[in-house]
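Here is the structure we will look at, set down as structure tokens.
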Number of protein chains: 2
Amino acid sequence: MNDIYDPLLNYISNRIKVNEKDCQIIKESFTPKTIEKKELLFKQGGVCTTTSFILKGSMRMFYLDKKGLEHVLYFGFPDWWVSDIGSFYQHTPSLLNGQALERTELLISTYDKMEELFTEVPALERLFRVITQKNLAALQQRFLSTVSETADQRYLKLLKRAPNIEQLVPQHQIASYLGILPESFSRLKRQLHSK
Amino acid sequence: MNDIYDPLLNYISNRIKVNEKDCQIIKESFTPKTIEKKELLFKQGGVCTTTSFILKGSMRMFYLDKKGLEHVLYFGFPDWWVSDIGSFYQHTPSLLNGQALERTELLISTYDKMEELFTEVPALERLFRVITQKNLAALQQRFLSTVSETADQRYLKLLKRAPNIEQLVPQHQIASYLGILPESFSRLKRQLHSK
DNA sequence: CAAAACCATTGATCTATGTTAAGATTTCAC
DNA sequence: GTGAAATCTTAACATAGATCAATGGTTTTG
């Protein structure tokens with residue numbers, strides 16, 4: 001009754017109506033996997049063939065640019081979906097690295113299994129449309145915030161949205177998420193404190 | 001046989017299988033509308049209650065920041081969908097203004113009609129999931145390009161992707177899309193030409 | 001058709017953040 | 001447990017792009 005799939009089934013049944021049979025199909029579409037700290041679930045340049053639901057742990061999805069700098073696109077925590085969505089659905093090279101920030105437990109699925117799942121459980125097709133729309137809306141906000149506000153304004157906003165973020169991930173990852181270097185982040189915090 | 005809905009029905013039937021009845025339902029879900037140059041289809045701060053398919057003309061979706069600067073999130077041309085997706089689906093205040101760059105003809109629909117449409121024509125639910133996923137993937141790329149590249153690199157990339165963009169929209173709109181001011185854009189082009 | 005509004009360009013200066021370098025502290029691996 | 005690696009901080013300097021201001025050209029509008 002209490003197994004490893006429960007967080008996923010709870011996540012789904014909190015959002016859409018599913019019956020016993022749907023749950024069975026869902027369970028059969030996902031495989032448990034554990035990755036160690038620093039291990040990559042998917043790699044920039046390769047095709048990201050998985051989409052995963054985080055059970056435990058934390059991850060960062062980041063892009064390594066031509067100058068060798070890393071840019072965190074988003075973090076992943078329990079109940080989050082992680083993937084390079086462009087690579088996953090269009091079978092193109094991934095822009096992102098999906099890396100565990102600590103030992104992380106996942107339920108992973110593949111493109112074919114997900115498409116099959118959407119056909120067999122149409123309510124899930126709807127759920128994923130809605131999730132993707134919310135992600136798009138959130139990224140639009142983040143993009144506009146990035147082009148119109150300074151790093152300290154973005155930092156204060158982040159703290160409001162995720163007050164415990166500083167406990168969850170190291171500072172230089174937060175800097176990278178904010179789009180600045182650790183040195184600038186240090187400076188920024190000092191200036192904020194001196195007020 | 002040849003009516004105002006044809007571009008939309010072509011757009012859809014090029015992507016999914018629809019029968020005669022589906023087409024009828026689709027037509028009933030959209031209303032033609034024409035807006036004049038500079039007119040706003042939806043306004044920042046208000047709820048964006050429409051999602052629209054562009055038949056003819058062009059638009060820009062932009063955010064007006066606290067300092068009074070405008071930031072173009074995207075342009076819209078024939079066969080594009082325009083809306084503030086967050087506002088539309090979550091009934092929250094829109095971040096964006098949707099403005100016509102010239103006289104523009106649209107087919108517009110509402111939240112309730114779209115949700116009904118998705119229920120009556122499930123293949124459309126799938127189509128919109130896929131469109132949204134592609135938009136999300138494209139915005140991720142744009143975001144990463146914005147935080148990792150200089151304005152001239154982004155400009156050259158834009159020219160590759162949309163070589164005729166300079167004919168379609170005025171320069172200061174392109175500057176705004178690139179995330180810089182018209183003055184910086186002028187200078188940037190001069191520097192590129194002097195090589 | 002003329003006045004007004006808008007648009008592109010240039011130059012001088014300013015500012016947020018990057019760059020480089022160094023030292024202090026914490027964490028990790030053998 | 002100890003040395004190596006990773007992390008955080010500070011400081012001096014560099015730079016992309018913003019800001020402010022002025023000019024001439026173009027479109028819009030009454």
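So you know, we letter chains A, B, ... as the sequences are listed, proteins then strands, and number each from 1.
- Taking the charged nitrogens against the carboxylate oxygens, Arg60(B) and Glu70(B) do have a contact shorter than 4.0 Å, which makes a salt bridge.
- Nucleotides of DNA chain D nearest to Lys38(A) and Arg154(B) differ in position, and the one nearer the 5' end is that of Lys38(A).
- Of the candidates dC6(C), dG11(C), dT17(C), the closest approach to any side-chain atom of Thr150(A) belongs to dT17(C).
- Projected onto DNA chain D by closest heavy-atom contact, Arg187(A) and Leu188(B) fall at different nucleotides, the more 5' of which corresponds to Arg187(A).
- The CD atom of Gln191(A) sits 13 Å away from the P atom of dT15(C) (whole-angstrom rounding).
- Distances shorter than 4.0 Å separate some side-chain N or O of Lys189(B) from OP1 or OP2 on dT9(C).
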**Item:** Glu115(A)/Arg129(B) under salt bridge (charged side-chain N to carboxylate O under 4.0 Å, His left out): CA gap, chis, key distance, verdict
**Value:** CA-CA 12 Å; Glu115(A) 292 294 316; Arg129(B) 169 175 63 81; 3.4 Å; yes
**Item:** Working for side chain to side chain contact (heavy atoms under 4.5 Å, CB included), residues Met114(B) and Phe88(B)
**Value:** CA-CA 11 Å; Met114(B) 289 300 284; Phe88(B) 183 74; 4.0 Å; yes
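- Rounded to an integer number of Å, the gap from Gln171(B) CD to dT10(C) C1' is 14 Å.
- Regarding contacts with the backbone of dA11(D), a side-chain N or O of Arg190(A) is found under 4.0 angstrom from either OP1 or OP2.
- Spacing between atom CD of Glu102(B) and atom P of dT27(D) amounts to 15 Å, rounded to whole angstrom units.
- Here the shortest heavy-atom pairing between Leu95(A) and Tyr63(A) reads O-CD1, 3.2 Å.
- Residues Phe75(A) and Tyr177(A) bring their aromatic ring centres within 6.0 Å.
- The pair Glu36(A)-Arg103(A) meets the salt-bridge criterion, with a side-chain N (NZ, NE, NH1 or NH2) lying under 4.0 Å from an Asp/Glu carboxylate O.
- Checked against dT9(D), dC13(D), dC28(C), the side chain of Lys37(A) finds its nearest nucleotide in dC28(C).
- Ring geometry for Phe53(A) against Tyr11(A) counts as perpendicular: the plane angle is over 60°, on a 0 to 90° scale with 30° as the lower cut.
- Contacts between residues 172-186 of chain B and DNA chain D, counted as heavy-atom distances below 4.0 Å, involve Gly179(B), Ile180(B), Leu181(B), Glu183(B), Ser184(B).
- Rounded to whole Å, the distance from CD on Glu166(A) to C1' on dT7(D) is 15 Å.
- Whole-Å rounding puts the Glu36(A) CD to dC28(C) C1' distance at 15 Å.
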